[in-house]
Every structure is written in C-alpha cells, then in structure tokens.
Engineer: 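Here it is, the structure in full.
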Amino acid sequence: MTRLFVFGTALLVVYLTSCANNAKTSMQQKQQITEEFTQITKLLRDSGFALDMAKNQDAAYYKAQGQPAPDFLPLNEATGTVEKSVKEEKIAISITAFYALECAMGALMEQEGGTPFGWLNKIHTNQLDASEVLLLNCFANATWKAGQPFCGLERITCDGFVSLVFLPETEINKVRDQVSAAADKVIEAMQDVKDASKENQWQKLKVLLQDKSFALEVAQHMEAAYYRAKQQAVPAFLKPGEDTATITKSSKEEKIAINIAGFYALECGLSYLATAHQKLPSAVLQSIVNDTIDAKDKKLFERFANATWKAGQPFRGIDRITRDVFIPFDMLLKAEQEKDWVQVKAAAEKLLQSLKK
C-alpha cells in the first residue's frame with residue numbers, strides 16, 4: 001500500500017509539473033504571437049514598407065509569368081495622376097464586404113459542407129459559432145484593408161489599420177455588421193435558387209458578382225446599413241453631380257494599392273490562424289516559404305488573396321468585375337487559384353525577412 005501511495009504521488013507530481021510546463025509554454029506562445037503581430041502592425045502602417053512590398057509583389061507576378069519585371073514606377077507614374085469616377089469609387093468603398101462574404105462562404109463550405117444559400121441563411125439568422133464569426137471577420141477586414149490605399153495611402157496610418165487581433169470590440173462589431181448586411185442583400189437576390197444544387201447557387205453568385213447594377217445596389221445597401229448601425233439618417237448615396245464627376249488620384253498610390261493586396265490577405269490569414277488555432281505567425285510564414293504548409297491552410301490563404309484582389313477591382317474600374325476571372329473562388333481553374341498563391345508566397349518571404357531583422 002505504501003509503495004502504491006508513493007508511486008501514485010510521484011505520478012501526480014509528474015502530471016502537475018507537466019501541466020505547469022504546458023501552461024508556461026502556452027503563455028510564452030501567446031506572448032510571442034502578440035509580439036509578432038505588434039511588428040506586423042508597424043509594417044502595415046509604414047508607407048515605405050508598403051512601397052517595398054508592392055514592388056516585391058509586382059516582381060513576383062512577372063517572374064511567375066516568365067517575364068522580366070519592368071520598372072515599378074516609370075517617370076510618368078512616379079509623379080503622375082489618374083482620373084477616377086466618383087461613382088465607381090463610392091461603389092468600390094462600400095462593396096468590399098460582399099467579396100469577403102463570397103470567399104468566406106467557400107472556406108466555411110470546405111470546412112463543414114453545406115451550400116452557399118445555407119450559409120447565407122445561417123449568417124442572416126445569427127446561427128454561426130465563434131470560430132465561424134472569426135473567419136468572416138478576418139475576410140471582411142482583409143477586403144476593407146485592400147481598399148484603403150486606393151482611397152489614399154495615408155489611410156494605412158489610421159487608428160483602425162492594425163492587425164485584427166488588436167481591434168477593439170466596437171470595431172470588430174462594425175466589421176460583423178457589414179458582413180451581415182452583405183448577406184441580407186445577397187440572400188434576397190438568391191431566393192430563386194435557394195433549393196437548387198450547390199453548383200447552381202455558385203452560378204447565381206457568379207452572375208451577381210459580375211453584375212454592375214447589383215454592385216450598385218449592394219453598395220447602396222451597405223452604406224445605408226453603416227449609417228443605421230450608427231443610428232444616423234441615411235444620406236443619398238450620390239450627391240447631385242457625383243454620378244458623372246471624376247476625382248484625381250496619384251498614379252503611384254494606385255500602383256501600390258494594386259500590388260499590395262496579397263500582403264493584406266497574408267496578414268489577415270495569419271490573424272485567423274493565430275486566433276483560432278494559436279499558430280505562431282513566423283512559423284506559418286516559414287511553412288509557406290518552405291512549401292511545407294498544410295494543404296487546407298494553403299487553400300485558405302488563396303481564398304484570402306482572391307478576396308483582396310476582388311476588392312481592388314472596382315477601384316480600377318467597375319467594368320473589371322465583368323471579366324471571366326471575376327467569379328466565385330470555387331469556380332476558378334486551379335491555374336487561376338495558383339496565381340493567388342504566388343502573391344501570398346512572395347508576401348510571406350518579404351514579411352518573414354522583415355520579422356527577422
């Protein structure tokens with residue numbers, strides 16, 4: 001009996017020591033995650049790093065095409081300007097959560113099954129669990145970030161332009177409200193296919209994604225939802241004259257905005273994996289660079305990249321949403337999905353180098 005008692009006591013000590021060590025390791029992991037996202041946030045808000053990252057991404061695109069990379073900013077673009085439609089920019093600013101919604105639904109379906117309409121209904125009726133809400137929030141934050149440099153590079157220094165892990169609850173609620181508003185509008189437009197096959201529902205979403213009139217309707221609905229959430233009167237979506245008005249933009253800033261979307265996709269994907277699965281950003285980045293990343297995580301990053309790419313297209317011109325490749329991620333050919341991976345991997349290499357400094 002005495003021997004059994006001693007043996008049992010020894011086992012208990014080993015168990016408690018193991019628990020204490022595991023708790024210490026977990027605490028250290030969380031602290032390191034926080035420290036790395038602090039570094040990443042500083043880079044997110046650094047206009048010099050934004051330029052370097054955009055150059056890096058542009059070069060990666062041409063390399064993947066087997067072409068030499070041209071000068072990132074020819075003399076005429078370094079100080080030049082472009083004229084943009086006020087109406088199209090207004091649509092682009094307000095519609096980003098629609099693209100987040102589409103790409104996030106595909107990720108949820110890949111993880112848990114279901115149909116596009118089924119997930120729209122779950123979002124509409126608030127039936128998501130915490131991890132599902134987190135995924136939607138990360139996609140919405142990614143597409144919002146992708147739009148900010150198009151509005152002006154100085155916007156990346158605003159208080160809310162930080163890694164999602166540092167956003168206060170009030171700001172996260174705003175993100176959630178935008179996704180819910182997008183779901184409300186899309187579910188209304190998909191009533192005619194609610195009982196159709198998954199394939200037919202994706203086909204309907206493709207039609208909606210490429211429809212310029214629907215884009216305007218979604219943008220108007222999203223802006224109205226924003227003001228209602230703040231309990232403010234909803235202004236006219238376009239002021240008199242804005243329907244045909246133009247605005248002057250910096251060619252340099254637009255070039256940066258076009259090329260940096262993959263970085264925002266990468267950062268928001270890291271935020272999701274760190275929050276949902278306690279994965280260390282630097283470890284995930286290393287796995288991307290080494291091509292050892294888990295297949296499902298790779299696919300998730302590709303979805304994030306596709307979402308941020310989509311968010312930038314209306315800023316460049318609303319006609320770009322009518323192109324053959326502007327379709328649900330799950331309808332893309334494998335070769336097109338791999339283009340998204342090229343951007344994620346290039347951004348990961350650049351970010352990992354910066355974290356090691």
Side-chain angles (χ1 to χ4, degrees), residues 95-143 146 164 175-176 178-211 214 218 265-266 268-273 275-277 279 293-311 321 324-341 344:
I95 202 174
T96 59
F98 175 32
Y99 307 137
L101 174 68
E102 176 258 309
C103 289
M105 283 195 304
L108 289 168
M109 288 170 59
E110 186 167 41
Q111 291 176 5
E112 304 177 42
T115 65
F117 192 88
W119 281 103
L120 284 170
N121 192 53
K122 285 184 178 181
I123 297 166
H124 176 68
T125 54
N126 296 314
Q127 295 182 44
L128 302 187
D129 64 28
S131 65
E132 293 161 354
V133 170
L134 172 65
L135 185 64
L136 280 171
N137 289 346
C138 287
F139 270 97
N141 188 247
T143 55
L164 188 74
V175 173
R176 188 177 302 129
Q178 285 294 289
V179 177
S180 295
D184 292 345
K185 187 65 181 176
V186 177
I187 200 170
E188 177 185 305
M190 290 187 61
Q191 288 296 318
D192 59 332
V193 294
K194 65 179 182 179
D195 297 318
S197 67
K198 177 174 65 177
E199 291 72 23
N200 285 343
Q201 289 179 15
W202 277 132
Q203 186 63 39
K204 176 69 174 186
L205 264 171
K206 173 187 173 182
V207 171
L208 296 176
L209 282 169
Q210 295 182 340
D211 187 335
F214 186 69
V218 172
L266 174 66
C268 288
L270 292 172
S271 292
Y272 171 74
L273 292 176
T275 306
H277 304 295
K279 293 189 178 184
I293 187 170
D294 185 271
K296 68 178 185 301
D297 288 345
K298 177 183 176 182
K299 192 72 166 291
L300 183 65
F301 277 113
E302 289 174 339
R303 291 182 187 278
F304 271 105
N306 187 251
T308 56
W309 173 81
K310 280 189 173 97
I321 73 171
D324 291 342
V325 292
F326 203 89
I327 60 178
F329 177 85
D330 289 87
M331 296 181 71
L332 286 172
L333 296 174
K334 183 65 176 177
E336 291 297 327
Q337 294 179 358
E338 283 299 314
K339 289 180 180 178
D340 291 320
W341 182 246
V344 171

Engineer: Specify the closest pair of heavy atoms between I123 and S180, including all atoms of both residues, with the distance to one decimal.
Structural biologist: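 That would be CG2-CA, 4.3 Å.
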Engineer: Where is the tightest heavy-atom contact between I187 and D184, given as atom of each residue plus distance?
Structural biologist: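 Taking every non-hydrogen atom into account, CG2-O, 3.2 Å.
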Engineer: What's the separation between atom CG in L205 and atom CG in L101, rounded to the nearest 0.5 Å?
Structural biologist: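 Answer for the CG-CG pair, L205 versus L101, is 8.0 Å.
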Engineer: Report yes if some heavy atom in the side chain of W202 is under 4.5 Å from a heavy atom in the side chain of P116; otherwise report no.
Structural biologist: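 A side-chain contact exists here, since the closest heavy-atom pair is under 4.5 Å.
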Engineer: Any side-chain heavy-atom pair from V218 and F214 closer than 4.5 angstrom?
Structural biologist: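 A side-chain contact under 4.5 Å exists here.
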Engineer: So, taking the atom named OG in S271 and the one named CG in L266, what distance separates them when rounded to the nearest 0.5 Å?
Structural biologist: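 Output value for this atom pair is 9.5 Å.
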Engineer: If you measure only the distance, is there a donor-acceptor pair under 3.5 Å linking the side chains of N200 and K204?
Structural biologist: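 Short answer, no.
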Engineer: Do E110 and F329 have side chains that approach each other closer than 4.5 Å (heavy atoms only, starting at C-beta)?
Structural biologist: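 In short, these two side chains do not touch, never coming nearer than 4.5 Å.
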Engineer: With no hydrogens and no angle check, is any side-chain donor or acceptor of Q337 less than 3.5 Å from a backbone partner on L333?
Structural biologist: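 Not at all, since once roles are kept as given, no pair shorter than 3.5 Å links the two residues.
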Engineer: Are any of the side-chain nitrogens in E102 or K206 under 4.0 Å away from the carboxylate oxygens of its partner?
Structural biologist: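 Looking at E102 and K206, the cut-off is not met.
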Engineer: Measuring from L270:CG to D297:CG, what's the distance to the nearest 0.5 Å?
Structural biologist: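 Here the interatomic distance stands at 10.0 Å.
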Engineer: Once rounded to the nearest 0.5 Å, what's the spacing between atom CG of N137 and atom CG of L164?
Structural biologist: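 Atom-to-atom, N137:CG and L164:CG are 6.5 Å apart.
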Engineer: With rounding to the nearest 0.5 Å, note down the distance linking NZ in K194 to OG1 in T115.
Structural biologist: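 Rounded to the nearest 0.5 Å, the NZ-OG1 separation comes out at 12.0 Å.
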Engineer: Donor-acceptor pair, distance only, cut-off 3.5 Å: does the side chain of T308 make one with the backbone of A305?
Structural biologist: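 Between the backbone of A305 and the side chain of T308 there is a qualifying donor-acceptor contact (under 3.5 Å).
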Engineer: I want to check something: taking the side chain as every heavy atom from C-beta on, are V193 and Q203 in contact at a cut-off of under 4.5 Å?
Structural biologist: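 They are not in contact (no side-chain heavy atoms under 4.5 Å apart), so the answer is no.
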Engineer: Restricting to non-hydrogen atoms, name the atom on K296 and the atom on D294 that form the minimum distance, rounded to 0.1 Å.
Structural biologist: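 K296 and D294 have their closest heavy atoms at CG-OD1, 2.7 Å.
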Engineer: Hey, what's the ring geometry for F326 with W309, parallel, tilted or perpendicular (30° and 60° as the breaks)?
Structural biologist: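 Tilted, since the angle between the ring planes falls between 30° and 60°.
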Engineer: Please step through side chain to side chain contact (heavy atoms under 4.5 Å, CB included) for the pair F301 and K298, ending with a clear verdict.
Structural biologist: CA-CA 5 Å; F301 277 113; K298 177 183 176 182; 5.9 Å; no
Engineer: Considering all heavy atoms of both residues, which atom of A146 and which atom of A311 are nearest to each other, and what is their separation?
Structural biologist: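 It is CB-CB, 4.1 Å.
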Engineer: Do W119 and L128 touch side chain to side chain, with heavy atoms closer than 4.5 Å?
Structural biologist: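 Yes, at least one pair of side-chain atoms sits under 4.5 Å.
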Engineer: Is any side-chain heavy atom of M190 closer than 4.5 Å to a side-chain heavy atom of L208?
Structural biologist: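 Yes, at least one pair of side-chain atoms sits under 4.5 Å.
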Engineer: To the nearest 0.5 Å, tell me how far Q201 CD sits from M109 CE.
Structural biologist: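 The distance works out to 7.5 Å.
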Engineer: May I ask you to test the F139-L135 pair for a side-chain heavy-atom distance under 4.5 Å?
Structural biologist: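 Answer yes - side chains close enough.
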Engineer: Does atom NZ (K279) have a neighbourhood of more than 12 heavy atoms from anything else shown, all under 6.0 Å?
Structural biologist: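 Enclosed: over 12 neighbouring heavy atoms sit under 6.0 Å from NZ of K279.
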Engineer: For residues 113-141, which residue pairs pass the salt bridge (charged side-chain N to carboxylate O under 4.0 Å, His left out) check, not counting sequence neighbours?
Structural biologist: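 Listed once each, the pairs would be none.
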Engineer: Ion pair present between R303 and D330, side-chain N to carboxylate O less than 4.0 angstrom?
Structural biologist: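 The answer is yes: the pair qualifies as a salt bridge.
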Engineer: Let's go through M331 and E199 carefully: what are the C-alpha distance in whole Å and the side-chain angles of both, what is the deciding distance for side chain to side chain contact (heavy atoms under 4.5 Å, CB included) to 0.1 Å, and is it a yes or a no?
Structural biologist: CA-CA 9 Å; M331 296 181 71; E199 291 72 23; over 6 Å; no
Engineer: Can you tell if the side chain of D340 reaches within under 4.5 Å of the side chain of F304, non-hydrogen atoms only?
Structural biologist: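 Side chain of D340 against side chain of F304, heavy atoms only: no contact under 4.5 Å found.
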Engineer: Looking only at non-hydrogen atoms, find the nearest pair between I327 and N306 and report the distance.
Structural biologist: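 The answer is O-OD1, 4.4 Å.
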Engineer: Residues two or more places apart in sequence or in another chain: which of them pass salt bridge (Lys or Arg N to Asp or Glu O under 4.0 Å) with E188?
Structural biologist: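 Listed in chain order: K185.
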